[in-house]
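Step one of this worksheet: look at the structure below.
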Amino acid sequence: MHPSLLKLFILLFLIFFSPASSSVTAAAPTALPNCLDKCGNITIPYPFGTSSNCYHNSGFYIACNATYDPPRAFVSTTNIELTGISLSDATATILTPIAHDCYAPLGLGPDINNIWTDVSGLPYTFSHTRNKFTALGCDTVALNFEYNVLDYSSGCVSFCDDQSSIANGTCSGIGCCQTSIPKGMHRVYTVLRSLRNHTTTWNVSPCSYAFVVDQEQFVFNLTDLYGFYSKNEGKVPTVMDWAIGNATCQQVNGTEKFSCGANSYCVDNDNGPGYRCNCNSGYQGNPYLADGCQDIDECADPGTSPCAGICENTPGSYACSCPQGYYGDGKKSGSGCINKPKKFPLIQAVLGSGLSFLFLLVSGSWVYWIYRKRKLIQLKEKFFKQNGGLLLQQQIASREGAAESAARIFTAEELKAATDDYSESLVLGRGGYGTVYKGVLPGGRVVAIKKSMVVDRTQIEQFVNEVVLLSQVIHKNVVRLLGCCLETPVPLLVYEFVSNGTLHHHIHGAPSSLSWETRLRIAAETSAALAYLHSAIARPIFHRDVKSANILLDNNYMAKVADFGASRLIPLDRTQITTLVQGTLGYLDPEYFQTGQLTEKSDVYSFGVVLAELLTGQKPLSQRRPEEERNLAIHFLLHMRENRLFRIVEPRVRSEGSREQLSAVAELTQRCLRLRGEERPEMREVAAELERARRGRTATEDAAADAEGETESSLGRRGETRYYTAAPVMIHTTGDVDLDEHILLSLEMRR
Ligand SMILES: *[C@@H]1O[C@H](CO)[C@@H](O)[C@H](O)[C@H]1NC(C)=O
Ligand SMILES: *[C@@H]1O[C@H](CO)[C@@H](O)[C@H](O)[C@H]1NC(C)=O
Ligand SMILES: *[C@@H]1O[C@H](CO)[C@@H](O)[C@H](O)[C@H]1NC(C)=O
Ligand SMILES: *[C@@H]1O[C@H](CO)[C@@H](O)[C@H](O)[C@H]1NC(C)=O
Ligand SMILES: *[C@@H]1O[C@H](CO)[C@@H](O)[C@H](O)[C@H]1NC(C)=O
Ligand SMILES: *[C@@H]1O[C@H](CO)[C@@H](O)[C@H](O)[C@H]1NC(C)=O
Ligand SMILES: *[C@@H]1O[C@H](CO)[C@@H](O)[C@H](O)[C@H]1NC(C)=O
């Protein structure tokens, strides 16, 4: 073949095989089909629209009035003018009126010193991050309210004697003052007053002005003290946040109300109700349209392309490579493409590299396939190790023969089948750390399966924690782990299941069904389990989230402590550790909250709250109590201090319990709730006292009885074997947990 023909052939070959450097994408639409996306020069993207069937719901209607030139946009059916909408940060800019109040003899027009801007009923709130409530003047008192004068929200005062005292460009209280507005306001009522009718300062500043303004669009200038109102035609730009609907992402996800399109994700609105949509990374466009988010062609413009060599656009991303004869990762931010020294004539080099490229492609993908397979196996092994699999294996090995009590390792497929592919209808509850499903194993055994909601590093650690902890703990009053699945990135935990709910449900579900005797037994059992965790095993475990919703009851109302998601194993030589503050509001130890120092006394405090719940039947946090007594611990302590115990004890408890028993338990509760951890009793003392109260003995009688060997203390000591009997059956359901109350606090305490 003629050399030039060969060249041509190779060239064609290369062109044919070289990756496409760009793909053609149509201009992304911003509005629904057949809908206007402009009003004058203002872009109106969906969910907003200027005619019916063009907006998401009537709150997003924009009235476009074409009698003006250019046409002007108005918010829904109000007379509030709109000057811009931003999809990326979910804001809209509107014009709001300026309140003014002037020195009367100058005849500057009638004062307008009480002004409403009201968007209630519409999906907008005043942005508290972008806007500032601002007042200008030298005899100025300005206030802003959400509802009426009784509902004070904020305000500021500005005075000055002469012009020279006013700093140029800074709004510092002399001539100009500013204050933040509260989050989530739907309407703003501005009231402007002067103290001396501007009589002394009218030649410096004859008027006062007050308004809510976008701080990015307002810079104070001395000239603003004159005629600010007329200069701005009575209006200033104000930024509004907007959101879709009034539900959270989780509530609408998967339902037909969900309004985020393909290649987008949902974000909860943290300024008020509703949610927003954003395009996934690598995509751009209008995330509220079904196909609004379109792939960004990173390769389209060689100037901004991230690649130094060949750029290939892929959905949501891109790939860089180098042309034949070059090596490197092809990225501008990386090594780029580096020329290989050429030893061969051009044709051979091109042909050679073309062939070796093909060879590399084939062998590379083969090697990659093998690598992926190995990686998967390694990953499974890694998860297995990381998830405490080795420990579990040891346990299983050491318990051969006792097949019923050994923790089992389930396969991912087994659990998928058991829960009907994690069907929503089998969800028992959602806790702080995960979702609990009811499952049926082949053979008909009913189990509870706990699965993390999000694949998140910190949560995996919590699960690992729970596996490791629970596989070590065997106590009749601690929920027992049947097994787990370790092949998935998030380990799944399998517990046995009985449907008798949580203590929280039994105390607070109406009508309360627990007798005083049962309550006392539950308290004694729970404290024994916690004492065991604190002191009876080789290394102490602090539960960290003791609460009635984490105490499960079996068919005989036997207590079982559950949910070790937050627990920490404590190294032997330390009794306190500094950690993230974690727990449930209402149960959280105030000392721990303040110092971040975790001690076993934090569990004692939380257990004290549970005792108070058992005595009073009241919730740990309640809006029904006076504000300063919302917290049950405080409410309880106040009553105790004033000797009014019998007023807050639940009627059923009052009629069933003896006076001595109730006083003893209440006094114990009081000690558990002491502010200083040091002054609280240890968990084993608590357990011992509860056991005494149950049997109606005094401490001395009890000691005597113990000496005679007549009774068995329910308090476990290190190594006592009777606590290692496997519990037969347990429940794990968090279905009764009141999620509103389950607010997780996570504050990083740094010192
Ligand atoms: C629209 O036009 C007006 C005047 O013609 C101009 O002041 C304003 O900046 C324009 N707005 C946009 C978003 O282009
Ligand atoms: C448009 O604005 C003019 C002038 O303010 C007003 O008279 C008219 O009613 C408006 N048109 C619509 C459709 O709101
Ligand atoms: C404010 O700035 C202007 C020019 O920028 C200057 O002439 C004037 O003296 C300044 N006033 C004060 C009080 O600093
Ligand atoms: C301000 O004006 C009002 C009404 O015009 C009058 O009642 C009031 O006394 C005046 N206050 C001062 C301090 O001059
Ligand atoms: C204040 O406004 C005047 C007139 O608009 C302008 O000339 C001056 O530069 C402004 N001063 C500052 C400090 O922005
Ligand atoms: C949410 O809005 C819908 C209709 O707009 C209403 O029916 C529903 O009650 C609202 N829900 C809440 C929790 O406000
Ligand atoms: C919505 O549900 C899908 C599965 O149906 C899930 O992958 C996604 O993470 C959920 N998104 C949110 C925000 O909950």
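Counting starts at 1 for both ligands and their atoms, following the listed order. Keep in mind that the numbers below use all heavy atoms, side chains included, and drop hydrogens, waters and symmetry copies.
- Each of the following atoms of ligand 2 lies closer than 4.0 Å to a heavy atom of Thr67: 1 (C), 2 (O), 3 (C).
- Cys pair Cys171 and Cys177 fails the test of SG atoms under 2.5 Å apart.
- Inside a 4.0 Å radius of atom 13 (C) of ligand 2 there is not any protein heavy atom.
- Those atoms of ligand 2 that come under 4.0 Å of a heavy atom in Tyr68, given as number and element, are 2 (O), 4 (C), 5 (O).
- Evaluation of the ring-ring contact (aromatic ring centres under 6.0 Å, His included) test over residues 85-109, restricted to residues two or more places apart or in two chains, returns His100-Tyr229, Tyr103-Trp202.
- In this model, Cys299 has its SG atom no nearer than 2.5 Å to the SG atom of Cys307.
- For atom 11 (N) of ligand 2, the closest heavy atom belonging to the protein is Asn65 ND2, 2.9 Å.
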Step by step, would you call Asp214 with Arg130 a salt bridge (charged side-chain N to carboxylate O under 4.0 Å, His left out)? CA-CA 6 Å; Asp214 176 12; Arg130 287 282 295 273; 3.0 Å; yes
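- A disulfide bridge does not connect Cys320 to Cys311: their SG atoms sit 2.5 Å or farther from one another.
- For atom 9 (O) of ligand 2, the protein comes within 4.0 Å by no heavy atom at all.
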